[in-house]
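All residue numbers in this chain count up from 1 along the given sequence.
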Amino acid sequence: MHSLVLASASPARLHLLRASGIEPQVVVSAVDEDAVEAAARQRDPHLSPARLAQLLAEAKGEVVAAQAPAGADLVLACDSVLEVDGRVHGKPGTPEVALQRWREVRGRSAVLHTGHHLVDMRDGRTAGAPASATVRFASVTDTEIEGYVATGEPLHVAGGFTLDGLGAPFVESIEGHPSTVIGLCLPLLRRLLTDLGVDWWEVASGQSRG
């Protein structure tokens with residue numbers, strides 16, 4: 001079995017891995033996402049949302065790989081952003097921003113991009129790619145939006161919503177793999193492991209903790 005380090009504080013990503021049979025060690029990076037985005041946009045003013053998500057994942061993965069515990073075989077980092085009309089929506093941070101964003105997306109579709117960066121600590125090789133899924137939001141009322149924002153959940157998640165939590169009733173449909181929207185595309189992770197010569201069952205135990 002190969003050990004895997006998850007470079008993310010996201011409970012949703014941890015649950016996805018555990019539910020699929022992978023028990024990772026969690027090491028959270030101290031990457032300044034705003035600084036990474038600002039530097040990336042300075043280099044490329046036309047940076048796409050998918051590319052931004054990938055660059056953020058790479059930054060987090062490289063930081064954690066440099067401080068990964070002894071014996072770690074693989075480091076996985078992810079980052080998600082929501083694309084609305086070509087603009088990037090990260091974590092709202094405040095109730096006011098969350099309210100504004102929900103009023104903007106209700107009854108509409110947006111694209112959730114999740115970047116993935118996998119580092120093989122044994123030889124330094126890396127594999128990575130973004131995954132995208134289109135999210136169709138329900139035509140929720142102001143009262144429903146205000147009630148959801150009052151829970152506090154949307155303030156600290158990409159795009160201001162969850163598919164695996166309190167926000168699920170307000171998502172009508174997903175075009176793409178649902179795990180992409182939750183924050184870690186499992187089919188893509190399997191392909192990235194394969195790219196590094198690692199079989200899925202060399203990482204997953206076959207026992208779900210979901």
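- Counting only distance, with no hydrogens or angles, the side chain of D32 and the backbone of D34 share a donor-acceptor pair below 3.5 Å.
- Heavy atoms of other residues, nucleotides or ligands lying less than 6.0 angstrom from CD of E202 number more than 12.
- The shortest distance between side-chain heavy atoms of L47 and L55 falls below 4.5 Å.
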Step by step, would you call D79 with E33 a side-chain contact (heavy atoms from CB on, under 4.5 Å)? CA-CA 10 Å; D79 200 273; E33 296 182 21; 3.7 Å; yes
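- Between P69 and V5 there is a side-chain heavy-atom pair separated by less than 4.5 Å.
- The distance between the ring centers of F137 and F161 falls below 6.0 angstrom.
- By the 4.0 Å N-to-carboxylate-O rule, E96 lies too far from R101 to be salt-bridged with it.
- In terms of heavy-atom proximity, S8 sits nearest to R13 at OG-NH1, 3.1 Å.
- Closest heavy-atom contact between D85 and E104: OD2-OE2, 4.4 Å.
- The main-chain N or O of P154 is never found under 3.5 Å from a side-chain atom of H156 such that the two would form a donor-acceptor pair.
- We find the CG-CG distance between L193 and L76 to be 8.0 Å, quoted to the nearest 0.5 Å.
- Both L112 and I174 belong to a common hydrophobic cluster when Ile, Leu, Val, Met, Phe, Trp and Tyr are linked at side-chain heavy-atom distances under 4.5 angstrom.
- A salt bridge does not link R108 to E172: none of the charged nitrogens lies less than 4.0 Å from a carboxylate oxygen.
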Would K60 and H117 count as a side-chain contact (heavy atoms from CB on, under 4.5 Å) here? Give the steps. CA-CA 8 Å; K60 293 179 179 181; H117 186 61; over 6 Å; no
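- Using a cut-off of 4.0 Å between Lys/Arg side-chain N and Asp/Glu carboxylate O, R41 and E37 are scored as salt-bridged.
- Atoms CG and NE2, from L82 and H113 in turn, are 8.0 Å apart once rounded to the nearest 0.5 Å.
- For the pair S3 and A72, the tightest heavy-atom approach, listed with the atom from each and the gap, is OG-CA, 3.4 Å.
- Across all non-hydrogen atoms, the minimal contact from V36 to A59 is CG2-CB, 4.1 Å.
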Where do V84 and H89 land on the side-chain contact (heavy atoms from CB on, under 4.5 Å) test, with the steps shown first? CA-CA 7 Å; V84 182; H89 285 185; 3.7 Å; yes
Could you list the donor-acceptor pairs under 3.5 angstrom formed by side chains in residues 181-192, with sequence neighbours left out?
none

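- Within the 4.5 Å cutoff, the side chain of R122 has heavy atoms near those of the V198 side chain.
- When the side chains of ILVMFWY residues are joined at heavy-atom separations under 4.5 Å, either directly or via intervening members, L166 and L163 end up in a single hydrophobic cluster.
- A distance-only check finds no donor-acceptor pair linking the side chain of S29 to the backbone of V64 [under 3.5 Å].
- Judged by distance alone, the side chain of T162 and the main-chain N or O of G167 form a donor-acceptor pair under 3.5 Å.
- At least one side-chain heavy atom of L155 sits under 4.5 Å from a side-chain heavy atom of P95.
- Rounding to the nearest 0.5 angstrom, the gap separating the CG atom in L6 from the CG atom in L14 is 6.5 Å.
- Residues D164 and H15 form no side-chain contact, since every pair of their non-hydrogen atoms from C-beta on lies 4.5 Å or further apart.
- For the residue pair A65 and V119, the shortest heavy atom distance occurs at CB-CG1, 4.2 Å.
- Residues V105 and V88 are members of separate hydrophobic clusters, defined by side-chain heavy-atom contacts under 4.5 angstrom among Ile, Leu, Val, Met, Phe, Trp and Tyr.
- When all heavy atoms are compared, the tightest approach of S109 to R136 is OG-CD, 3.2 Å.
- Residues W200 and S20 form a side-chain contact, since some pair of their non-hydrogen atoms from C-beta on lies under 4.5 Å apart.
- Counting heavy atoms from C-beta outward, M121 and D73 have side chains that stay 4.5 Å or more apart.
- Under the side chain to side chain donor-acceptor pair (under 3.5 Å) criterion, H177 pairs with S179, not counting sequence neighbours.
- To the nearest 0.5 Å, atom CD of residue Q25 and atom CG of residue L74 are 12.5 Å apart.
- In terms of modelled atom types and a separation under 3.5 Å, the side chain of S205 and the main chain of G21 share a donor-acceptor contact.
- Take V140 and apply the side-chain contact (heavy atoms from CB on, under 4.5 Å) test, not counting sequence neighbours, and it matches W102, R106, A138, E144, I145, F170.
- Side-chain N or O atoms of D195 include none that pairs as donor or acceptor with a backbone N or O of A127 at under 3.5 Å.
- The hydrophobic clustering, which links ILVMFWY residues whose side-chain heavy atoms are closer than 4.5 Å, places L16 and V171 together.
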side-chain contact (heavy atoms from CB on, under 4.5 Å) between V75 and L118, worked out: CA-CA 6 Å; V75 171; L118 186 65; over 6 Å; no
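- Taking CD of Q54 as the reference point, atom OG of S48 lies at 10.0 Å (rounded to 0.5 Å).
- Counting only heavy atoms from C-beta outward, the side chains of E175 and V135 never approach each other to under 4.5 Å.
- For the atom pair OG (S80) and CG (L56), the distance works out to 10.0 Å, reported to the nearest 0.5 Å.
- Cluster annotation: M1 and W201 are assigned to distinct hydrophobic clusters (Ile/Leu/Val/Met/Phe/Trp/Tyr, side-chain heavy-atom contacts under 4.5 Å, transitive).
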